[in-house]
Amino acid sequence: MQVSAQNSPFTEKQAGLLNELLPELTEAQVQWLAGFTAAAGAAGTAVLERPASETKTESRSLTILTASQTGNGAALAEEAAGAFGLEASVVAAGDLKPKKFSSLEDVILIASTHGEGDPPDEALDLYDYLFSKKAPDLSHMRFAVLALGDSSYEHFCQTGKDFDGILEKLGAERVLERIDCDVDYEEPAATWLKQAEQQFADGEPVLPASEPTALQEKAVYSKKHPFPAEIVTNFSLNGRGSAKETRHIELDLEASGLTYEPGDSLGILPVNDQVLVEELLGVLDFNGQETVLSGKEEKTLAKALEQLEITVLTKPLLEKLAVYSDQLAALEEADRKSYMEGRDLVDLIQDKAPWTFTAQQLVDSLRPIPPRLYSIASSLSANPGEVHLTIGAVRYESHGRERNGVCSIQCAERGEPGSSLPVFVQSNKSFKLPADEKPIIMIGAGTGVAPYRSFMEEREEREAEGDNWLFFGDQHFTTDFLYQTEWQGWYKDGLLTRIDTAFSRDQDEKIYVQHRILEQSKSVFEWLERGAFLYVCGDKDRMAGDVHEALRTVIVKESGRSEEEAEAYLKELRSEKRYQRDVY
């Protein structure tokens with residue numbers, strides 16, 4: 001309502017001033033004035049309200065929309081929604097029809113970047129829609145974007161940047177500047193989300209918090225509070241003479257309270273090999289006993305380097321360290337990019353000496369080692385209190401030095417039974433079993449077979465009636481058929497309906513899983529037509545791409561569709577969550 005001079009104790013001038021002021025007041029300001037005037041006993045006081053047509057609506061809904069690949073964004077959104085003092089619904093991009101996006105009002109978009117700047121699988125439809133000619137007018141929408149990424153990749157946080165730009169282009173109002181978070185995202189993300197909460201709640205400017213505001217902590221073990229899981233079993237799955245070393249590791253979760261589902265991942269917080277730390281100290285002008293502040297704790301430099309990333313060079317790291325080395329500062333950006341490939345901090349310290357940093361400045365320039373995520377290879381129903389992993393040991397030579405995977409070699413060489421690993425469960429809602437009666441096709445190579453072992457154990461426990469078909473590939477049948485006895489047992493018992501293997505080096509011509517898919521073209525398409533769910537797990541850049549091309553070829557051949565129509569067929573499967581990928 002508006003204040004009128006005719007039915008109130010105010011003059012026309014006073015009423016005019018009040019009517020000019022009221023639309024600009026927040027709800028809290030209106031309530032304060034009402035209480036103030038009532039307490040003052042003002043005669044004839046009117047109830048102060050904004051004019052209905054200009055009142056900031058209370059019906060605007062806040063949606064936290066996640067575009068997540070590994071589950072970090074989704075977990076962050078759930079924690080944020082629980083910590084917010086206002087109602088906020090959490091929606092996964094894969095659960096939202098793109099055309100429904102324009103019905104949202106206030107949006108916090110938490111967007112992860114996958115691979116080399118790609119959107120997560122679940123966000124592809126929305127991404128394509130917003131960048132298409134069919135994109136809607138979003139002038140009614142207010143938004144803020146939190147981007148998650150890994151600065152070791154060239155296109156850091158690219159998906160978040162893309163979404164942030166297109167939403168503004170389509171007319172939406174940005175209420176808070178985008179934040180780009182690296183792998184140690186928790187504290188900056190928490191601070192930003194608190195600011196976003198206040199902005200959407202009242203639209204008032206928010207000053208940066210002096211200290212990060214923590215989100216509500218869950219009582220269970222998490223990435224910030226991992227569970228020390230004892231290693232019960234650790235052995236190689238490969239036969240003698242194999243060029244590979246793939247470890248089967250069983251961990252005890254009995255006292256943790258942690259639970260998981262088939263398709264989820266287990267996160268491990270690794271530490272650097274002491275040999276590598278000593279090698280680094282050998283090229284530094286420090287003895288390792290210097291006291292530094294790392295992770296808010298005082299430690300020796302040697303101890304701090306065990307938990308900081310020293311095996312990978314990134315663009316942000318080179319930018320930070322360039323102020324301490326004239327050689328590095330003089331290196332052109334294009335040359336920095338080529339230099340980083342295949343080198344680590346030991347190489348950098350040797351190649352670009354002399355350095356002028358202190359031990360503390362070096363530590364401040366390095367980021368914590370990112371956790372490693374491994375697809376869980378067991379069903380909790382079949383293995384209560386346990387979790388199983390399938391980990392390939394990474395060893396290679398680069399620039400004249402032997403290199404090792406940080407976590408995989410820790411597990412392979414230093415993960416003796418009785419020792420422990422700090423772990424947490426990472427949910428993956430984008431890689432889940434369907435109803436028990438639905439058929440599934442599982443495609444994977446090497447350690448990509450891990451989640452399918454969990455699928456089969458789960459379906460065996462549930463006595464699921466759906467058909468199961470495995471395509472598996474590796475180098476040699478005799479040495480690299482991972483979990484061979486189990487797969488053959490499931491096939492003999494009838495749980496595994498079909499199995500097709502591709503051992504690339506058992507003949508002159510290399511044969512991979514995509515070739516087996518093409519050989520079984522007719523049957524693959526028949527399974528898809530009767531509702532089969534399709535799963536792909538493994539290397540994103542090679543295997544997953546080749547498999548996608550093979551599937552498109554199958555659809556063209558068996559249905560008579562064009563290449564474009566076959567791609568649309570696969571896109572529809574993805575939208576129906578019948579085409580799920582866990583690729584890395």
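Please read all numbers here as calculations on a predicted model, not as lab measurements.
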Assess the residue pair Asn272 and Val406 against the criterion (side chain to side chain contact (heavy atoms under 4.5 Å, CB included)); give the C-alpha distance rounded to whole Å, side-chain angles, the decisive distance to 0.1 Å, and a yes or no. CA-CA 6 Å; Asn272 288 312; Val406 175; 3.9 Å; yes
As a quick check of understanding, evaluate ring-ring contact (aromatic ring centres under 6.0 Å, His included) for Phe143 and Phe163, giving each step before the final call. CA-CA 10 Å; Phe143 78 96; Phe163 273 122; over 10 Å; no
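- Atoms OG1 and CG, from Thr66 and Leu109 in turn, are 8.5 Å apart once rounded to the nearest 0.5 Å.
- Put simply, the side chain of Ser378 reaches to within 4.5 Å of the side chain of Tyr260, judged on heavy atoms.
- Of the inter-residue distances, the one linking Asp164 atom CG with Arg174 atom CZ reads 4.0 Å to the nearest 0.5 angstrom.
- Counting only heavy atoms from C-beta outward, the side chains of Glu261 and Ser427 never approach each other to under 4.5 Å.
- When all heavy atoms of Thr159 and Pro120 are compared, the pair lying nearest together is CG2-CD, 4.2 Å.
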Run the side chain to side chain donor-acceptor pair (under 3.5 Å) test on Tyr127 and Asp162 for me, step by step, so that the C-alpha distance in whole Å, both residues' side-chain angles and the decisive distance to 0.1 Å come before the verdict. CA-CA 9 Å; Tyr127 186 92; Asp162 290 348; 2.7 Å; yes
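- Remark: the backbone N or O of Glu341 is paired with a side-chain donor or acceptor of His399 at under 3.5 angstrom.
- In terms of the side-chain hydrogen bond (donor to acceptor under 3.5 Å, both in side chains) criterion, residue partners of Lys244 (sequence neighbours excluded) are, by chain and number, Asp474.
- Contact check for Ile231 versus Leu251: side-chain heavy atoms found under the 4.5 Å cut-off.
- A donor-acceptor pair is defined here as one N or O able to donate and one able to accept, closer than 3.5 Å; no such pair exists between the side chain of Asp182 and the backbone of Asp184.
- A salt bridge is absent between Lys320 and Asp364; no separation between the charged side-chain nitrogens and carboxylate oxygens falls under 4.0 Å.
- Environment of CD in Glu298: sparse, with no more than 12 heavy atoms of neighbouring residues, nucleotides or ligands closer than 6.0 Å.
- A donor-acceptor distance shorter than 3.5 angstrom exists from the side chain of Asp347 to the backbone of Asp344, with no hydrogens or angles considered.
- With ring centers used as reference points, Tyr452 lies 6.0 Å or more from Phe472.
- Judged purely by atom type and a 3.5 angstrom limit, Thr113 uses its side chain to pair as donor or acceptor with the backbone of Gln158.
- In terms of heavy-atom proximity, Ile268 sits nearest to Cys407 at CG2-SG, 3.7 Å.
- Within the 4.5 Å cutoff, the side chain of Leu170 has no heavy atoms near those of the Phe131 side chain.
- Looking at Ile108 and Leu176, their side chains never come closer than 4.5 Å, going by heavy atoms from C-beta outward.
- In this structure, the side chain of Glu567 does not engage the main chain of Arg552 through any donor-acceptor pair within 3.5 Å.
- Using modelled atom types, one side-chain atom of Ser256 and one backbone atom of Leu258 make a donor-acceptor pair closer than 3.5 Å.
- No donor-acceptor pair closer than 3.5 Å links the side chain of Tyr584 to the backbone N or O of Cys537.
- Between Glu250 atom CD and His388 atom NE2 the span is 3.5 Å, to the nearest 0.5 Å.
- Sparse packing is recorded around OH of Tyr153, with 12 or fewer heavy atoms of other residues, nucleotides or ligands lying under 6.0 Å away.
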Go through it in stages, so that I can follow the logic: the residues are Arg414 and Asp273, the test is side chain to side chain contact (heavy atoms under 4.5 Å, CB included), and I'd like the CA-CA distance, side-chain angles, deciding distance and then a yes or no. CA-CA 9 Å; Arg414 310 193 303 279; Asp273 189 349; 3.6 Å; yes
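- The shortest distance between side-chain heavy atoms of Gln426 and Lys223 does not fall below 4.5 Å.
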Are Leu104 and Val91 close enough, and set up right, to give a side chain to side chain contact (heavy atoms under 4.5 Å, CB included), and what steps lead you there? CA-CA 11 Å; Leu104 304 181; Val91 179; over 6 Å; no
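- To the nearest 0.5 Å, atom CG of residue Asn238 and atom OG1 of residue Thr246 are 4.0 Å apart.
- Under a 3.5 Å cut-off, the side chain of Asn234 and the backbone N or O of Arg247 do not form any donor-acceptor pair.
- Atom NZ of Lys577 and atom CG of Asp121 lie 12.5 Å apart (nearest 0.5 Å).
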Would Tyr374 and Thr447 count as a side chain to side chain donor-acceptor pair (under 3.5 Å) here? Give the steps. CA-CA 9 Å; Tyr374 295 99; Thr447 57; over 6 Å; no
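- Looking only at side-chain heavy atoms (C-beta outward), Leu318 and Met340 come within less than 4.5 Å of each other.
- Residues passing the salt bridge (charged side-chain N to carboxylate O under 4.0 Å, His left out) test with Glu278: none are found, sequence neighbours excluded.
- Taking a cutoff of 4.0 Å between a charged side-chain nitrogen and a carboxylate oxygen, Lys299 and Glu306 do not qualify as a salt bridge.
- In terms of heavy-atom proximity, Ser375 sits nearest to Leu389 at O-CD2, 4.1 Å.
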Full working for side chain to side chain contact (heavy atoms under 4.5 Å, CB included) between Val292 and Lys303: CA-CA 10 Å; Val292 294; Lys303 193 67 177 176; over 6 Å; no
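- The existence of a salt bridge linking Lys540 and Asp118 is confirmed by a sub-4.0 Å separation between a basic side-chain nitrogen and an acidic carboxylate oxygen.
- Minimum interatomic distance between Trp192 and Val145 (heavy atoms only, all atoms of both residues): CZ2-O, 3.4 Å.
- Looking at Val536 and Tyr579, their side chains come closer than 4.5 Å, going by heavy atoms from C-beta outward.
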Check against side chain to side chain donor-acceptor pair (under 3.5 Å), Arg581 and His548: CA-CA 10 Å; Arg581 306 198 309 168; His548 187 85; 5.1 Å; no
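- Other residues, nucleotides and ligands contribute more than 12 heavy atoms inside 6.0 Å of the CG atom of Asp95.
- Side chain of Ser325 to main chain of Lys352: a donor-acceptor pair is present (N/O by atom type, distance under 3.5 Å, no hydrogens or angles).
- Closest heavy-atom contact between Arg395 and Ala412: NH2-CB, 4.4 Å.
- If you take CG on Leu276 and CD on Glu279, they are separated by 6.0 Å, rounding to the nearest 0.5 Å.
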Begin from the C-alpha positions of Lys571 and Asp128 and carry the test salt bridge (charged side-chain N to carboxylate O under 4.0 Å, His left out) through to its verdict. CA-CA 11 Å; Lys571 187 175 182 179; Asp128 291 344; 3.7 Å; yes
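- When every heavy atom of Leu331 is checked against every heavy atom of Tyr339, the shortest pair comes out as CD2-CB, 4.4 Å.
- Formation of a donor-acceptor pair under 3.5 Å by the Gln199 side chain with backbone atoms of Val175 is found in this model.
- The pair Lys429-Glu122 does not count as a salt bridge, with every side-chain nitrogen at least 4.0 angstrom from each carboxylate oxygen.
- Using a 4.0 Å cut-off between a side-chain N of Lys or Arg and a carboxylate O of Asp or Glu, Arg178 and Glu168 do not qualify as a salt bridge.
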Stepwise, does the side chain to side chain donor-acceptor pair (under 3.5 Å) test hold for Thr314 with Arg367? CA-CA 10 Å; Thr314 66; Arg367 69 178 187 178; 5.7 Å; no
